[in-house]
Visitor: 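Take a look at this one; I'll ask things after.
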Amino acid sequence: MKVRSIRGFKDILPDSIKRWHYIEDSAGNIFELYGFSEIRIPVVEFTDIFARSIGTSTDIVEKEMYSFTDRDGSSITLRPEGTAGVVRAYIENSLYAKSTISKLYYMGMMFRHERPQKGRYRGFYQIGAELFGTKDPYADSEIILMLWRFLEKIEVTSLIRLELSSLGDENCRPSYKQKLVKYLRPLKNELCENCQRRLEVNPLRILDCKEKKCKEISKDAPSMLDNLCDNCNKHLDHVKDSLENFSIKYILNPRIVRGLDYYTRTVFEIKTDELGAQNAVAAGGRYDGLVEELGGPPTPAVGFSIGMERLVLLHEKIVPVGFQKGVDAFIAFIGKDTKKTAFQFAYDFRKQGISVEMEYENKSLKTQLKKADKLGAKYAIIVGEEELARGKVKVRNMGSSSEEEINIDKVKQLSIKLSN
RNA sequence: GUGGGUGUAGCUCAGCCAGGUUAGAGCACUGGGUUGUGGCCCCAGAGGUCGCCGGUUCAAGUCCGGUCACCCACCCCA
C-alpha cells in the first residue's frame with residue numbers, strides 16, 4: 001500500500017514556499033502599518049462556536065465541517081474559517097477591556113470537507129484581519145483600503161475587482177426579507193429544488209443561485225440596496241465616498257450574499273476571472289452582532305479573509321518566476337585532506353550569515369562546479385590540495401569566470417565581500 | 001452527492017483507435033569527452049509491477065468489466 005496524503009490536502013513544496021513567504025510577509029508588514037497585530041488561535045474549537053457564529057443553515061455547518069467527538073464526549077471541530085475563533089479569543093481574553101479598539105490578523109489552515117477542484121481544497125490557508133470596537137464607516141473603509149493596499153503591493157490588482165454591497169441591519173433586513181419572501185412565494189414552484197428550501201431557511205441565498213430559472217426570477221426581485229434604512233444607507237455612502245476618494249474602483253453588487261450568516265451592513269468580495277469556478281479571492285464585511293451572540297459585550301466589528309491558494313495562483317500569473325532560492329557561495333574541495341578544511345569554511349561562512357553549499361561525497365571538480373552553477377552560487381571557493389599546501393584557496397566568480405587566490409586567513413574578509 | 005476527463009520513467013507526455021519481438025522521447029539525474037574548472041555541445045548509463053483487480057485472446061500498455069486515485073465542472077465558497 002502506497003503512502004499518500006488525504007484527499008484535498010496538499011503539500012507546499014520548497015519550490016513554491018518562497019512565494020508563500022513573500023505573500024505572507026507582505027500581508028503582515030502592511031497590516032502592521034495599519035495597527036494590526038498577529039494573533040494565533042487553535043485549529044480546533046468546540047463545534048458550538050462555529051455553529052452559532054457561521055449559522056446552522058449554511059453549507060459550511062450543514063455538511064462541510066470536520067467534527068469529532070473528543071475523548072470526554074464533547075464535540076469539537078477543525079476550524080472551517082478564522083473569524084469565529086478570533087471572536088472567541090477576543091471574548092475569552094477580555095480584549096475589549098484592554099482597549100476600545102482591537103485590530104487582529106491571523107494566518108493559518110482551515111478545513112472544509114468539500115469536493116476538491118481548482119482553487120478549492122479541504123485543507124486551505126487563509127489570511128484574515130478583524131477590527132473590533134467601532135461602528136464607524138471609516139473602519140470599513142480602512143479594512144478595505146488595507147486589503148487593497150496589500151493586493152497592490154503584491155501586484156495582482158490587474159486581475160481582480162472589488163464588489164461591494166450592504167446587507168442592512170436589524171432594522172431593515174427583517175422587513176426586506178419579508179418583502180423578498182412575499183415576492184418569491186408565489187413563484188416558489190418555478191424555483192430550483194434547493195431554492196424552494198432556501199425560501200424557508202435563508203431566502204437571501206436565492207439571489208445568489210446560479211440556476212437559470214432562479215436567476216430569471218430573482219432578476220426583478222426587490223433589492224436590499226433599495227430597502228436599506230437611513231442609517232444603513234448613510235453608512236454605505238460613507239464607505240463608497242471613501243473608496244472613491246482613494247480612487248479604488250468598486251462594483252455595487254446587491255447580490256453579494258455571504259456564506260456566513262453573521263454579516264451585517266457592509267459586505268465585499270475580491271473576485272477574479274482567472275481561476276475558473278472559484279472566483280472569490282477574498283471576502284469580508286461587518287458583523288456587528290457576532291461578539292454579543294457568542295457571549296461577549298455588544299461589540300461592532302469588521303473584517304475579511306483571503307484565500308491563500310487562490311492568491312498564490314494569481315501571483316504566479318503576474319510573477320511566473322524569480323522566487324527560486326539562491327546560494328551565496330559553493331565550496332568545492334579537491335585532492336587529499338581538503339574536505340575537512342572545506343567543511344570548516346562552510347561552517348565559518350554560515351556562522352557569518354553567508355549561505356553556502358558543498359558536496360558531501362568526493363566528486364570531481366567539474367561536478368562540483370556544475371552543482372555550484374545549478375544552485376546559482378555567485379562564487380565558488382575552491383579548496384585545492386595544491387593551493388592549500390601554500391596556505392591559499394581559489395575564489396572563482398561564477399558570473400565572470402575570473403579567479404583569484406587568497407590566503408586562508410583572509411577568509412573572514414572574504415565573507416564581507418560575498419555578502420554584497 | 002452528481003457529471004465529464006485523465007492515470008505509461010522523478011517531471012511533461014507519445015504509444016492505445018486498427019492487440020504482435022527487449023515500452024519510447026524531452027527535461028531532470030549519474031558518469032565520461034577535459035588525470036583540477038560550471039553554463040553550450042557530444043557520448044554513455046541508470047531509472048518502468050504501463051494505477052490496481054479480473055476477463056477476452058496463442059498474445060493485452062493497447063480490447064472489455066470492475067475498482068481506486070487525481071483533475072475539471074455542478075454545488076458551495078476563501
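In what follows, chains carry the letters A, B, and so on, assigned in the order in which the sequence lines appear, proteins first and then strands, with residues in each chain numbered from 1.
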Visitor: Any side-chain to backbone donor/acceptor pair from Arg120(A) onto Arg115(A)? Under 3.5 Å, distance only.
Guide: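 Yes, because the side chain of Arg120(A) sits within donor-acceptor range (under 3.5 Å) of the backbone of Arg115(A).
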
Visitor: Now, which nucleotide makes the Watson-Crick or G-U wobble pair with U67(B), with each of the two distances under 3.5 Å?
Guide: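 Base-paired to G51(B).
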
Visitor: Answer yes or no: side-chain N or O of Lys366(A) and base N or O of G33(B) forming a donor-acceptor pair under 3.5 Å.
Guide: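 Donor-acceptor pair under 3.5 Å: yes.
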
Visitor: Between Asn397(A) and Glu309(A), just flag the one whose closest nucleotide in RNA chain B comes earlier from the 5' side.
Guide: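 Mapping each residue to its closest nucleotide by heavy atoms, the 5'-most match is Asn397(A).
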
Visitor: Excluding sequence neighbours, so at least two apart, what forms side-chain hydrogen bond (donor to acceptor under 3.5 Å, both in side chains) with Ser67(A)?
Guide: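 Expected list: Thr77(A).
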
Visitor: Other residues, nucleotides and ligands only: do more than 12 of their heavy atoms fall within 6.0 Å of CZ on Phe343(A)?
Guide: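 Incorrect, the count does not exceed 12.
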
Visitor: Roughly how many Å is it from CG in Leu365(A) to C1' in G32(B), rounded to a whole number?
Guide: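 Distance, rounded to whole Å: 15 Å.
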
Visitor: If we call it a pair only when both distances are under 3.5 Å in a Watson-Crick or G-U wobble match, what pairs with G45(B)?
Guide: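 C29(B) - that is the nucleotide pairing with G45(B), both distances being under 3.5 Å.
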
Visitor: Under a 3.5 Å limit for both distances, which nucleotide forms a Watson-Crick or G-U wobble pair with G24(B), could you say?
Guide: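 Base-paired to C13(B).
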
Visitor: What interatomic distance, in whole Å, is found between P of G4(B) and the corresponding atom of C40(B)?
Guide: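 Approximately 46 Å lies between the P atom of C40(B) and that of G4(B).
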
Visitor: Assess whether one donor atom and one acceptor atom, taken from the side chain of Asp59(A) and the base of C75(B), lie less than 3.5 Å apart.
Guide: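 No such pair is found, so the answer is no.
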
Visitor: What is the distance, rounded to the nearest whole Å, between atom CD of Gln368(A) and atom P of G31(B)?
Guide: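 The distance from CD of Gln368(A) to P of G31(B) comes to 10 Å, rounded to the nearest Å.
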
Visitor: For C74(B), which nucleotide is its Watson-Crick or G-U wobble mate, given both distances must be under 3.5 Å?
Guide: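 WC or wobble partner is G1(B).
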
Visitor: Sticking with atom P, work out how far A9(B) lies from U2(B), rounded to a whole angstrom.
Guide: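 Each nucleotide's P atom is 30 Å from the other's.
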
Visitor: Under 4.0 Å, heavy atoms only, any strand: does Glu269(A) hit a base, just the sugar-phosphate, or nothing?
Guide: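 No contact.
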
Visitor: Donor-acceptor pair, distance only, cut-off 3.5 Å: does the side chain of Asn227(A) make one with the backbone of Ser223(A)?
Guide: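 Yes; judged by distance alone, with no hydrogens or angles, the pair exists.
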
Visitor: Tell me if the side-chain of Glu403(A) makes a donor-acceptor pair with the base of U37(B), cut-off 3.5 Å, by modelled atom types.
Guide: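 Pair found.
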
Visitor: How would you list all residue pairs meeting salt bridge (Lys or Arg N to Asp or Glu O under 4.0 Å) that involve residues 127-145 of chain A, not counting sequence neighbours?
Guide: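 Matches after skipping sequence neighbours: Lys103(A)-Glu142(A), Asp140(A)-Arg286(A).
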
Visitor: For Glu387(A), report the nucleic acid contact type (base, sugar-phosphate, nothing); a contact means any heavy atom under 4.0 Å.
Guide: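 Result for Glu387(A) = base.
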
Visitor: Apply side-chain hydrogen bond (donor to acceptor under 3.5 Å, both in side chains) to Gln344(A) and list each qualifying residue two or more places apart in sequence or on a separate chain.
Guide: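 For Gln344(A) the side-chain hydrogen bond (donor to acceptor under 3.5 Å, both in side chains) partners, ignoring immediate neighbours, are Asp348(A).
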
Visitor: Going by purine N1 to pyrimidine N3 plus the second Watson-Crick contact, or the G-U wobble pair, all under 3.5 Å, which nucleotide sits opposite U57(B)?
Guide: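 When the pairing criteria are applied, nothing turns out to pair with U57(B), so the answer is none.
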
Visitor: For U57(B) and U6(B), measure between their C1' atoms and round to the nearest Å.
Guide: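 My reading of the C1' atoms in U57(B) and U6(B) gives 27 Å.
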
Visitor: Taking the C1' atom in each of U49(B) and G3(B), what is the distance between them to the nearest angstrom?
Guide: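 Pairwise C1' distance, U49(B) against G3(B), rounds to 32 Å.
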
Visitor: Any base atoms under 4.0 Å from Leu311(A), or only sugar-phosphate, or nothing? Heavy atoms, all strands.
Guide: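 Leu311(A): no heavy atom of the nucleic acid under 4.0 Å.
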
Visitor: Nearest-Å distance, CG (Asp15(A)) to C1' (A28(B))?
Guide: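 To the nearest whole Å, that distance equals 12 Å.
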
Visitor: Using the side-chain heavy atoms of Lys394(A), tell me which of these nucleotides is nearest: U30(B), G39(B), G36(B).
Guide: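 Selected nucleotide (nearest to the side chain): G36(B).
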
Visitor: If we take the C1' atom in both G1(B) and G10(B), what is their distance in whole Å?
Guide: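 One C1' to the other, the span is 36 Å.
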
Visitor: Can you see if the side chain of Arg205(A) gets near the phosphate of C77(B) - specifically, an N or O under 4.0 Å from OP1 or OP2?
Guide: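 It does, given that an N or O in the side chain of Arg205(A) lies less than 4.0 Å from OP1 or OP2 of C77(B).
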
Visitor: For nucleotides A60(B) and C52(B), find the distance between their C1' atoms and express it as a whole number of Å.
Guide: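 About 15 Å, rounded to a whole number of Å.
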
Visitor: Keeping the roles fixed (side chain from Asp11(A), backbone from Leu13(A)), state whether a donor-acceptor pair exists under 3.5 Å.
Guide: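 Not a single qualifying donor-acceptor pair exists.
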
Visitor: Starting at atom CG of Leu151(A), determine the distance to atom C1' of A78(B), rounded to an integer number of angstrom.
Guide: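 These atoms are roughly 12 Å apart.
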
Visitor: Which is true for Lys370(A) with a 4.0 Å heavy-atom rule: it touches a base, it touches only sugar-phosphate, or it touches nothing?
Guide: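 Counting heavy atoms under 4.0 Å across all strands, the contact made by Lys370(A) is with sugar-phosphate only.
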
Visitor: Residues in side-chain hydrogen bond (donor to acceptor under 3.5 Å, both in side chains) with Gln368(A), at least two apart?
Guide: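 Testing Gln368(A) for side-chain hydrogen bond (donor to acceptor under 3.5 Å, both in side chains), a comparison that skips the adjacent residues, returns none.
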
Visitor: In whole Å, what separates the C1' atom of G55(B) from that of C13(B)?
Guide: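 G55(B) and C13(B) have their C1' atoms separated by 29 Å.
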
Visitor: Compare side-chain N and O positions of Ser364(A) against OP1 and OP2 of G31(B) and report whether any pair is under 4.0 Å apart.
Guide: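 The answer is no; no side-chain N or O of Ser364(A) sits under 4.0 Å from OP1 or OP2.
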
Visitor: Within the 4.0 Å heavy-atom criterion, would you say Lys63(A) contacts the bases, only the backbone, or no part of the nucleic acid?
Guide: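 No contact at all - Lys63(A) keeps every heavy atom at 4.0 Å or more from the nucleic acid.
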
Visitor: Mind calculating the distance between CD1 (Ile334(A)) and P (U34(B)) to the nearest angstrom?
Guide: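 In whole Å, U34(B) P and Ile334(A) CD1 are 16 Å from each other.
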
Visitor: In the 5'-to-3' direction, what one-character label does each nucleotide of nucleotides 66-73 of chain B receive under the scheme B = base within less than 4.0 Å of a protein heavy atom, S = sugar-phosphate only, - = no such atom?
Guide: ---SSSSB

Visitor: For Glu386(A) and for Thr367(A), locate the closest nucleotide of RNA chain B by heavy-atom distance; then report the residue assigned to the nucleotide nearer the 5' terminus.
Guide: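 Nearer the 5' end of the strand: Thr367(A).
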
Visitor: Please state the P separation for the pair G66(B) and A14(B) - nearest whole angstrom.
Guide: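 Looking at atom P only, G66(B) and A14(B) are 25 Å apart.
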
Visitor: What's the CE-C1' distance between Met358(A) and U37(B), to the nearest Å?
Guide: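 In whole Å, U37(B) C1' lies 17 Å from Met358(A) CE.
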
Visitor: Return the orientation label for the His315(A) and Tyr22(A) ring planes: parallel under 30°, perpendicular over 60°, tilted otherwise.
Guide: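 Tilted: the ring planes of His315(A) and Tyr22(A) meet at 30° to 60°.
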
Visitor: Applying side-chain hydrogen bond (donor to acceptor under 3.5 Å, both in side chains), name anything that partners Asp273(A), two or more places apart in sequence or on another chain.
Guide: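 Asp273(A): side-chain hydrogen bond (donor to acceptor under 3.5 Å, both in side chains) contacts with Arg161(A).
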
Visitor: I need the CG-P distance between Asp337(A) and G36(B), as an integer number of Å.
Guide: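 Whole-Å distance recorded here is 16 Å.
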
Visitor: Distance check needed: A78(B) C1' versus Phe111(A) CZ, whole Å only.
Guide: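 About 14 Å, once rounded to whole Å.
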
